[in-house]
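Data block below; observations after.
Lettering of chains follows the sequences in order, A, B, ..., and the numbering in each one begins at 1.
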Amino acid sequence: MAFVMQFSFAQEKTITGTVTGEGDGLPLPGVNVIVKGTSRGVQTDFDGNYSIKASEGEVLVFSFVSMKKVERKVGASSTIDVAMAEDVAALDEVVVVAYGTEKASNVTSAIETVKSEDIEQVPNASLDQVLQGQAAGLNIQTSSGQPGASGTVILRGRNSINGNVEPLFIIDGVPVNEDNFRSLNSNDIENVSVLKDASASALYGNRGAGGVIIVTTKTGKRGDGVKVAYRAQYGKSTYNDPGFEVMNSLQMLNFQKRNGIGLGGSISDAEIAATAAQANTDWREIFFRKGTTNSHEINVTTGSESTTSFNSIGYFEQEGITQRSAIQRFTFRSNVNTSLNDRLDVTSNVTINYSKNDFAENEGTGQLDNPFLAPYLAMPFISPYNPDGSLNITGTAYSTQNFTNINGFLNTPFITLNTNALNEISNDEMKIVGRVGANLEAVKNVTVGGSIGIDYEHLEFKSITTPESIRGDITPDPNSEQKGSHFQGFQRNAQIIANANVNYNNTFNDKHYFDLTLGTEYNKTHFISSSFQGFGLNPKLVGSGSAITDGSVAEGADETQYYIPILSATSFNDGLFSYYAVGKYDFDDRYGLQASIRRDAAARFSDTNKWGTFWSVSGKWNIHNESWFNRNGFANELKLRASYGVAGNQRVGGAFNAFSLYTSGVSYNGGLGFALGQIDNPDLKWEETAQFNVGLDFSLLDYKLTGSVDVYKKETTDLFIAKPLSLLSSATSINANLGALENRGVELSMNYQILDGDFKWSVNGNIAYNQNEITNLGDDYDPENPILNGGGTALAEGHAIGTFYRVRWAGVNPADGTPLWLDKDGNLTGTFSTANRVLLDKTQDPKYVGGFGTNLSYKGFALNALFTYAADQWRLNGSYAIVEDTSLAGFANMSTAMLRMWQQPGDVTDIPAFNSVTRAQAGTRYLEDASFLRLRNISLSYSLNKEFLEKTKLFTNVRVYVQGQNLLTWTKWRGFDPESNISSTFFEYPTPKTVTLGFDIEF
Amino acid sequence: MKKVIIIAILSMFFATSCNDALDILPEDSIPAENAFTNVADLQNGLNAIYFQYNPQNMIDYSSNYTDDTKIGADNGGQKVGFHQWVLQANSAESQNMWLNCYATINSINRVLEAASTIAPANAAEAEQYDKILGDCYALRAYLHLEVLAHYGVGYGDSDAGVPISNFVVVFEQLPRSTAGEVFEFINNDLDTAMGLIDASYTDNGYVTRDFITAVRARAALYSGASSTALTATQALMDKYPLADQGQYINMFANDTDNTEVIFKLYRTNGNNDPRVGGVWYFTGTGGAFMEMSNGFYDAVTADPSDIRAFVNIDPLTDDANNLHFIGKYPGKEGFDYLNDVKVFRVSEMYLIRAEILAKSGDYNGAASLLKDIRDARTGGDTALSGFNNLPDAMDEILAERRLELAYEGFRFVDVKRTRSITNDGFDRNPADCGGAVPCQLASTDYRFTFPIPVAELNGNPNITQAPGY
């Protein structure tokens, strides 16, 4: 708000006074004091004093951000002191909505806002992960602890089986890639608005079905002057304890001896003792390291009467908890808002970022150089060190079978050490998100606006296998003279968005508020990438493309060409074109209605299905504004909301699924070949989600308890599913819009201010329950044959996506140690058959997700904690299964659980006899409860006394803090990390725990 | 007026941007209607067909599913279930061959369909055009035979066979035809091909008239068409001699000898072509996840002068430590495990003929053909077998086929189709089995017919699953 002081000649007297805070009695600077009905106004000074001219009978209005407005009539006295109470009712804030902002009390949709203070300072390079647990209904999990790795964000359940499931992410009006946040600085964010229901997201048409998350970055405040802040952080990360143990040397050698396999099976007890005495390696300590985090940031905020800006530069560096894994990031942002006159506003937001990412090899795979494999299965009786104490990166005589099998299973830990020491996978990224927009009040109450924005990503990939590495020795070929390979590529993805709109709004009789917006939008994606991989590297030039041996070089008697480079280039465009209208009506701040409609066309569909119509209606009732409502009772504020609408999901299948396509490439006997690449589906269209939502926002117990409860039902139709084809067609299926599913759920979020004053204490929490159910899988669906959907799950009508479909494991037969399963009818059987698979009541996605936390503060001290949880989520533990698969015990370490393996008739145990079962027959044996409760963030901070700082005349704020991320986890999961976005794990990179120390200075 | 101009400019702007955003074509692939427009395009389509067919499935099934292999010391789970005869409709192996053969047939039908709209421009193109069509028909016949051999419930006229795919199937759901119908279809396609392919084509990496005759002989053996088999085998035996020991080595070690090779699939480019040895080896790193069985090792080393021991056993084999590596595809031209895939050799024609003769009671004629092969392989004069009944004759013929055609895609079908005569299924050497690996598959076991893959059952309600699954 801008206040204009004016000279005036009325018969007035001067009123003076002091404004203080009701809670602490401290003076409040910067309070706006205006004479009601006029434009006369002043602000209180640093000591809370003000002075204003007013006539008797006039009313002074005192207002201040987050304080309840106070009105005082000017009487005979010329002194008016005011104590302002905090306004804990959040309903009067401004909320970011689709294509704009709105007064909270006017909002008719289910929108939850996460504020900067809940985002800042979390030492995680990916914004989506920072949001975990912060808004009801958001399920965010990742299966990689690589710094900057993006998770999967699912809002209110999965809407799609084969299409995009994540919400649309918009940063300052620009839609951005939802899978890539590593290059953005989350400290720049002012707030994140989570648009959950159809009235909020239908306005995004065929991209809104999964919900919309709008990120707004910081800006300056008018008249605030220049503020400079410096922030620094330093931290350490390490791995979380897994819920299982592997054998030590003596245990494993004796285990091998007992079963007559491997090294232990071929040596005497005395030799076993000697071997075990030589080495007892805990490979976790070798493959996990302590990673460091280091960040620095300077931001400058300015605010004059006409222009505000927020500018930041940041440096962030984080090492992962295994060798090679790291991110190094430079961020830059400039947000500027200028009002050229009363009628024209121009806004620009630009962020330019550069990050260098280094990766460990092959995470999440069964490749022997995946560093997360070895902590499970590397043999403990092998020493990782050379006699001179240095790390062995070649292997021992034993692990390489006297150097004849250097790439074999036994050499796993050394292959990993070798690859991670000598080779490289990196990925440099330039990411720019920018937008320029302008709004012109063309005539009174009519505003014309336009904007152009871009999400630009440019990536440089590099992957080098050095000639001297173990993997290099077989690259490009074991027989080639020159070794090693150099892969390099680039990828550019530019998404351009342009919007033009016109808005009319007006208030009649102080009671009827109208707002109507018409707009059109153009959205185009330009993707291009190319790469080369060359072979045979000159050791003196490794790292540079000039190390590559020329492709025409031929060797040996056969003139073999080993070094022919692999070239690749690909490009495509994709586009959307839309127009929309949204109208709002509000009556007396009590009743509100909103309706929207949008027409969207998508390039990827054939001409008959290009255009879709999406719409919504919603309403609200501010019950507390009714004259009969007693705001001083148990309930202080109540707002009822309801909405219904239809949004779409156009990101189904590839960009050109409407075409039958042939690919061209090298074929038989070196000739050129045209091969069928894809069978067309010209009837393809978007998936459609209709959502009904009812919600209640409340403020109870003297505004101390605030929160929202929402109930929703989403029905997705034209669901993109695989229509099975006869394999005679050359494909197993073709994707078509044939299915339907539902998500139903309840969300509750609350905040309770227990203590206020010097000692402040509040608790907050949210919980979301979602039930997903597939209701239709097309005419071809046979209930006897659920459709396998990977990771041990299947699709079946009446069940959720990600429902596990497995043969039930029933333990071990005490008589002979053989495994037992349940057949389809629930009877014990000793024969494994996939015919006995059943749909289980266990799903990949959690039924309950949420978070809770507390904020405590006393004087300058503050303690904040956030716990996040996911309950009733299940996952196949493919990693742990390996250390219980005895067919691998010749070269792989085993779990200590194997010490209770069945030995003789009568043994009652959960581990079957040696080699009586393989992990392929595990059924539900490794289907584990992956529910967890995690202390996601905890921080303790101290801010220096403001009065003291004032005396320094330099600093306005100094704060130091210590922060912990993922410090504690409670789970039954047997592995390094219960969080994951996949249904079956196989040696993924676990999320680390991190402790950081930081300080902030403002001046 | 000003307003009209502004509106006109704005509408043009929106119309342009609308089209710009919506009229987008793929850049990296060829839309189907542009793919085949002339004879050269058809040739490219044919090249892709040769490349698409994966003969390794047959080699995989005939070795890893039988008594010719054991689980390798470097096994990390690869092929274990299949080797244990855990075979179900959802097994990968249930789908691999079925999908590959029918997808290749689908590509053939697409080229045939496209060809019907293309007229050759001149005489040279006309000849090329005929050759392309001939190759398509011949390969379609061959592929149907492969699927029938593995997925057919039996080979009798009225036994449940496999679907006949003679048009571009997309949404059609074809039932099994009878084996008799499939054999008839195969022979018709072979007749058509014979009429299109000139005798002047002799490159044995492509379809020739001899390829057509060889397919006819193999199909006749399976269907029991004795006179066809006798005619076809005689024609080929007259034309192709058996390789001597040196030629035999070169035929497999480096693909340079073609004395007895009627048809093979070229594997010429180590940087692009699949490597046959990948059926048992990690081709990138080395290491065998499947090894030669002790049973086969003992059989092939029984006669020290038999060159087939040298050809089949990899030199790194260490019998004392129970490591037996398959060496039939050692690689060539500097690339390990890269060898041409021999699909038809004349020795198979000898064996087909021997079997037909034995079945007709001419045991002496059969024995003398076996002797021809043994003499060539040992480089000496071997004894003539004295069997005098069909089961004994079949046992010897099967044993000879096992040695002669080892790891070339025969063992499974050979045992499958003769088990009613021999009453034998698979019986593994005790050194190769035990624990989770079963030693025997009874001759009556339902798993001698491959199951229709679950994906086919899902997409085709008209197909019938094989009994037992």
Side-chain angles (χ1 to χ4, degrees), chain A residues 366 405 407-409 474 477-479 520 522-524 555-556 558 560 562 564 570-577 601 603 610 656 659-664 666-677 679-680 724-730 732-733 780 785 787-788 834 887 915-916 918 920, chain B residues 14 17-18 20-24 26-32 35 41 44-45 47-48 50-52 74 76-77 80-81 88 90 98-99 102-103 106-107 110 163 165 169-174 205 266 268-272 284-287 333-336 435-436 453 455-460:
Chain A
N405 194 0
N407 282 292
F409 288 106
I474 51 170
D477 197 281
N479 306 318
T520 180
Y522 161 97
N523 192 331
K524 189 140 180 225
E555 282 172 7
D558 292 310
T560 310
Y562 291 112
I564 298 171
T570 176
S571 61
F572 72 87
N573 296 335
D574 196 7
L576 299 170
F577 192 79
K610 270 207 165 40
F656 305 108
F659 294 90
S660 270
L661 295 176
Y662 278 81
T663 58
S664 168
V666 181
S667 189
Y668 184 66
N669 202 21
L672 185 67
F674 289 172
L676 182 70
I679 303 176
D680 64 308
L725 291 182
S726 165
L727 304 192
L728 274 63
S729 68
S730 80
T732 56
S733 63
D780 298 306
N785 262 320
I787 301 164
L788 300 183
T834 51
S887 72
N915 265 0
S916 60
T918 71
Chain B
F14 283 118
S17 55
C18 176
D20 174 62
L22 299 179
D23 291 343
I24 296 173
E27 296 170 4
D28 296 335
S29 317
I30 312 166
D41 291 341
N44 292 335
N47 290 344
Y50 276 100
F51 197 63
Q52 185 175 11
D74 279 333
V80 168
Q88 292 167 341
N90 59 358
W98 179 274
L99 177 60
Y102 277 117
N106 190 281
S107 301
R110 282 174 188 272
S165 173
V169 172
V170 179
F171 293 105
E172 293 78 5
Q173 299 167 334
L174 302 182
Y266 286 132
T268 47
N269 180 354
N271 298 309
N272 193 49
T285 52
E333 292 163 15
F335 293 107
D336 296 340
E456 182 68 42
L457 297 171
N458 290 339
N460 180 1

When you measure from the side chain of [X] to the backbone of [Y], do you find a donor-acceptor pair of N or O atoms at a distance under 3.5 Å?
| X | Y | answer |
| --- | --- | --- |
| B:D28 | A:S571 | yes |
| A:Y668 | B:Y266 | yes |
| B:E333 | A:T560 | no |

Contact class of [X] relative to chain B, heavy atoms under 4.5 angstrom:
| X | value |
| --- | --- |
| A:A920 | neither |
| A:N669 | both |
| A:D574 | backbone |
| A:S887 | neither |
| A:L672 | both |
| A:F659 | side chain |
| A:N915 | backbone |

Top contributor to chain A contacts, counting heavy-atom pairs under 4.5 Å, from [options]:
| options | value |
| --- | --- |
| B:D23, B:N460, B:V169, B:D41 | B:V169 |
| B:G284, B:G77, B:P453 | B:G284 |
| B:D336, B:L174, B:V80 | B:D336 |
| B:G270, B:G287, B:G205, B:G76 | B:G76 |

Specify the closest pair of heavy atoms between [X] and [Y], including all atoms of both residues, with the distance to one decimal.
| X | Y | result |
| --- | --- | --- |
| B:A35 | A:F674 | O-CE1, 3.4 Å |
| A:S664 | B:I30 | CB-CD1, 4.3 Å |
| A:S726 | B:E172 | CB-O, 3.7 Å |
| B:E27 | A:F572 | OE1-N, 4.0 Å |
| B:P26 | A:L661 | CG-CD2, 3.9 Å |
| A:F409 | B:D74 | CE1-O, 3.0 Å |

Partner chain B: residue of [options] with the largest heavy-atom pair count (under 4.5 Å):
| options | answer |
| --- | --- |
| A:G673, A:G556, A:P478, A:S667 | A:S667 |
| A:I679, A:D780, A:T732, A:T570 | A:T570 |
| A:A601, A:S916, A:S733, A:G670 | A:A601 |
| A:N407, A:L727, A:D558 | A:L727 |
| A:T918, A:V666, A:T663 | A:V666 |

Is [Y] close to [X] at the side-chain level, that is, under 4.5 Å between some pair of heavy atoms?
| X | Y | answer |
| --- | --- | --- |
| A:L728 | B:W98 | yes |
| B:F171 | A:L725 | yes |
| B:I24 | A:F656 | yes |

Fill in the blank from the handout: So CG of A:L788 and CG of B:N458: to nearest 0.5 Å the spacing works out to 8.0 Å

Handout entry: From NZ (A:K610) to CG (B:L22), nearest 0.5 Å
Key =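 A:K610 NZ to B:L22 CG: 6.0 Å, rounded to 0.5 Å.
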
Using non-hydrogen atoms only, which part of [X] is less than 4.5 Å away from chain A: side chain, backbone, both, or neither?
| X | answer |
| --- | --- |
| B:N272 | side chain |
| B:N271 | side chain |
| B:T268 | side chain |

